[in-house]
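Throughout, a chain's letter reflects where its sequence line sits, starting with A, and its residues are numbered from 1.
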Amino acid sequence: MLSKTIKEKLISSYTRSFPSFPLPEQFTVEIPPSEEFGDFATNISFISASILHKSPVEIAKSIAGILKEDPFFSDVTVGGKGFINMKVSDDVLRDTLTKIIEEKEDAFECDIGKDKKYQVEFVSANPTGPLTVGHGRQAAIGDVISNVLEFVGYDVTREYYFNDAGNQMNVLARSLWVRYNQELGVDIEMPEEGYRGEYLIDIAKEMVEKVGDEYRERWDEDVKAFFRSYAADKMFDWIKADLSKFNIGFDVWFSESSLHKDGKVNETIEELRKRGYVYEKDGATWFAASKLGDYKDWVLVKSTGEPTYLLTDIAYHRDKAKRGFDKVLDIWGADHHGHVPRVKAGLKALGIEDDFCDILLHQFVTLIQRGKEVRMSTRRGEFVTLGDLIDTVGADVAKYFFVMLSPDTHLSFDLDLARTKSMDNPVFYVQYAHARICNVLKHAEANGLDVNREGDVSLLTTPEEKTLIKDIERLDDAILDAYATFGPHKLTRYVEEVAKAFHIYYTKYRFVDKSNLELSYARLSLVKAVQIVIRIVSRLIGISMPENM
RNA sequence: GCGCCCAUGGCUCAAUGGAUAGAGCAACGGAUUUCUAAUCCGUAGGUUGCAGGUUCAAGUCCUGCUGGGCGCGCCA
């Protein structure tokens with residue numbers, strides 16, 4: 001909250017100091033590395049030095065001179081190299097706290113995305129098997145980013161894209177049919193590319209009970225279609241059950257086959273052709289992606305007449321644009337990075353603005369158990385499913401572990417560690433802070449204090465109290481950071497810092513002191529404000545905050 | 001061979017080009033008559049993989065190496 005105000009004050013001081021010069025493009029207000037530099041610092045003097053042809057120190061002095069007049073600050077100094085270091089006055093800190101207590105979440109309101117529609121597409125696993133822990137990371141990242149986008153004002157659509165008709169589904173159907181026959185005692189060989197997971201054996205057993213031996217050694221288009229849709233339904237039930245166990249929901253389930261049915265794939269290729277990016281070669285239809293920055297051209301329609309994944313994906317993104325989203329975000333696993341320039345080239349060919357679509361790639365998840373990597377492969381049927389993971393460590397821990405690292409960082413998920421309720425699980429650290437807050441409030445009530453009464457925040461003068469106020473007031477900065485970088489881990493980092501500041505405070509002071517009710521009420525007000533902030537972040541991360549632990 | 005991502009204390013990781021590179025875990029030493037010790041305080045631990053370059057300023061940007069992950073289909 002404060003950094004925003006300070007930014008405005010810097011802009012006006014700069015304009016007053018140097019009226020005939022343009023504002024520097026990008027300057028920052030940040031929390032300095034050491035308390036000796038004050039509460040906030042800015043690099044505005046470095047950024048503008050080349051425009052003004054003055055030394056940073058000179059510029060800083062002139063801006064600081066104006067800021068010093070403002071009662072908003074209790075102290076403004078110029079650091080050795082040209083940083084402007086600012087301390088905000090105690091009154092301002094108190095007012096900020098009061099605002100949080102009174103307005104709660106609204107105090108951090110942000111309207112960046114006001115009246116704009118954002119679509120986030122993630123998970124998008126085809127129904128050929130259960131969700132893996134890799135999908136789990138993507139689900140968690142996508143959900144947190146969606147929550148953040150909503151917080152900053154966007155109208156967000158969470159979408160799951162799936163292919164229920166392609167060749168993979170035929171392979172799945174055949175694999176299930178093989179398992180079904182094996183259950184009936186007929187030994188048919190699993191195709192090379194077949195899905196060998198045990199889950200198909202379970203479904204096959206179920207089928208034997210339901211339909212008997214009707215499809216024994218009988219394989220034609222109708223049988224294939226039957227097994228395909230049976231398998232797909234089962235897989236979707238499973239996927240949806242695991243997502244629901246993970247407390248993650250989608251607004252739209254988008255079927256790839258609907259793009260074909262509605263003629264959108266044909267429309268797309270015709271539009272690409274009209275714009276001159278399509279040609280025929282070797283019996284196939286090609287996309288001239290190399291004209292648009294990719295390193296080679298790609299096939300859109302195979303010589304068999306079937307469209308490729310790339311074509312339907314371009315058609316899908318074209319459809320997103322036509323559905324009126326202002327922006328879309330795709331979240332893909334790092335194994336899809338080669339696909340990025342192709343889709344981007346497709347959008348460019350269709351005349352869609354480059355910044356319409358962002359693609360966030362996340363690195364893989366490795367499961368570690370007893371110090372060794374757990375191998376996973378849907379095809380081979382070796383995996384730990386997302387559902388297994390949640391059953392083992394709980395949805396809160398799983399989600400927190402998935403988002404606590406930068407998406408760019410390879411995640412080694414240590415199952416033994418996650419199962420331990422120790423401080424290796426930062427989620428417990430944060431939840432414990434929250435539980436302590438709840439307990440303090442309960443204790444206050446039990447001692448006859450009215451926890452709804454507003455305290456006199458001017459009594460909060462200790463360094464720990466000021467630190468805590470400064471930590472909670474920058475919630476909006478943390479959210480904006482997560483938003484601007486698509487970095488959910490900024491939120492876990494932030495909330496850990498808030499929890500830490502609270503634990504320190506808790507250890508050092510008492511909140512309920514019957515001999516000093518005024519101070520007690522002041523401290524309870526601060527405690528409530530911390531509770532508000534922790535709850536907001538936990539909601540954004542999508543984890544629970546128990547009142548007792 | 002080409003492309004993308006990564007390399008930071010013993011371990012796991014932070015750090016929109018900004019000040020003395022920060023946390024947590026592990027290690028060691030302390031703190032509880034108190035609202036929850038799942039907590040807190042302290043100590044120790046670093047030439048940010050290597051070599052150059054760009055600039056007021058480089059863990060961050062550029063070039064070249066080394067090592068690891070992932071791609072490079074008329075698969076999805």
task = With a 3.5 angstrom cut-off on both distances, give the Watson-Crick or G-U wobble partner of rC70(B), or none if there isn't one.
result = rG3(B)
request  = Could you check whether A41(A) gets within reach of a base, just the sugar-phosphate, or nothing at all, counting any heavy atom under 4.0 Å?
outcome  = base
query = Taking the six-membered ring for Trp, does F83(A) stack with rA19(B) (centroid gap under 5.5 Å, planes within less than 30°)?
reply = yes
inquiry  = Under 4.0 Å, counting only non-hydrogen atoms across every strand here, what does K490(A) touch: a base, just sugar-phosphate, or nothing?
reply    = sugar-phosphate
task = Tell me what N548(A) touches on the nucleic acid: a base, only sugar-phosphate, or nothing, going by heavy atoms under 4.0 Å.
result = base
ask   = Should the pair F236(A) and W253(A) be assigned to parallel (<30°), tilted (30 to 60°) or perpendicular (>60°) ring geometry?
value = perpendicular
task = Using atom NE2 of H260(A) as one end and atom C1' of rA76(B) as the other, report the distance to the nearest whole Å.
result = 12 Å
key: Residue whose closest nucleotide on RNA chain B lies nearer the 5' end, P407(A) versus L310(A)   = P407(A)
key: rC70(B) versus rU63(B) - spacing of their C1' atoms, nearest Å   = 24 Å
request  = Counting Watson-Crick and G-U wobble pairs only, both distances under 3.5 Å, name the nucleotide matched with rU39(B), or none.
outcome  = rA31(B)
query = Can a donor-acceptor pair under 3.5 Å be found between the side-chain atoms of H339(A) and the base atoms of rG71(B)?
reply = no
inquiry  = Classify A334(A) by what it touches in the nucleic acid, base, sugar-phosphate, or nothing, heavy-atom distance under 4.0 Å.
reply    = sugar-phosphate
message = Over all strands shown, is F37(A) touching base, sugar-phosphate only, or nothing at heavy-atom distances under 4.0 angstrom?
response = base
query = Rounding to the closest angstrom, what is the interatomic distance between rG64(B) and rA44(B) at atom P?
reply = 42 Å
Nucleotide rA37(B), atom C1' - distance to OH of Y506(A) in whole Å = 10 Å
ask   = If we take the P atom in both rG49(B) and rA14(B), what is their distance in whole Å?
value = 14 Å
query = Within the structure shown, what part of the strands sits under 4.0 Å from N43(A) by heavy-atom distance: base, sugar-phosphate, or nothing?
reply = base
ask   = Nearest 0.5 Å, what's the OG-CG distance between S229(A) and D164(A)?
value = 10.0 Å
task = Please state the C1' separation for the pair rG9(B) and rA15(B) - nearest whole angstrom.
result = 15 Å
message = Between the base of rC6(B) and the side chain of T409(A), is one N or O donor paired with an acceptor at under 3.5 angstrom?
response = no
query = Say you pick atom C1' in rA38(B) and the same atom in rC25(B); how far apart are they, in whole Å?
reply = 14 Å
query = Whom does rA21(B) pair with, Watson-Crick or G-U wobble, provided both distances fall under 3.5 Å?
reply = none
message = Would you call the rings of Y161(A) and Y316(A) parallel, tilted or perpendicular, taking 30° and 60° as the class edges?
response = parallel
query = Is there side-chain contact between H443(A) and F511(A), with at least one heavy-atom pair below 4.5 Å?
reply = no
query = Using a cut-off of 4.0 Å on non-hydrogen atoms, how would the nucleic acid contact of R342(A) be classed: base, sugar-phosphate, or nothing?
reply = base
Distance between C1' atoms of rU47(B) and rU32(B) (Å, rounded) = 43 Å
query = How far, in whole Å, is rC75(B) from rC61(B) if one measures between their C1' atoms?
reply = 37 Å
query = Looking only at atom P, what distance separates rU60(B) and rA21(B), rounded to whole Å?
reply = 14 Å
ask   = Which distance, rounded to the nearest 0.5 Å, do you find between the CD of E30(A) and the CD1 of I6(A)?
value = 12.0 Å
query = In terms of the nearest nucleotide of RNA chain B, which residue is placed more toward the 5' end: R510(A) or H503(A)?
reply = R510(A)
ask   = So what does N163(A) touch, heavy atoms closer than 4.0 Å: a base, only the sugar-phosphate, or nothing?
value = sugar-phosphate
query = Out of I141(A), L329(A), I331(A), which one pairs with F122(A) under the side chain to side chain contact (heavy atoms under 4.5 Å, CB included) rule?
reply = I331(A)
task = Determine which nucleotide pairs with rC75(B), using a 3.5 Å limit on both distances of a Watson-Crick or G-U wobble pair.
result = none
query = With a 3.5 Å cut-off and just heavy-atom distances, do the side chain of N85(A) and the base of rA19(B) make a donor-acceptor pair?
reply = yes
key: Mutual orientation of the aromatic rings belonging to H339(A) and Y309(A) [parallel < 30°, tilted 30-60°, perpendicular > 60°]   = tilted
query = With a non-hydrogen cut-off below 4.0 angstrom, is H489(A) in contact with a base, only sugar-phosphate, or nothing?
reply = sugar-phosphate
task = For H337(A), answer base if it contacts any base atom (sugar-phosphate contacts may also be present), sugar-phosphate if it contacts only those atoms, and nothing otherwise; contact means non-hydrogen atoms under 4.0 Å.
result = base
ask   = Which part of the nucleic acid, if any, lies within reach of E445(A) when heavy atoms closer than 4.0 Å are counted: base, sugar-phosphate only, or nothing?
value = nothing
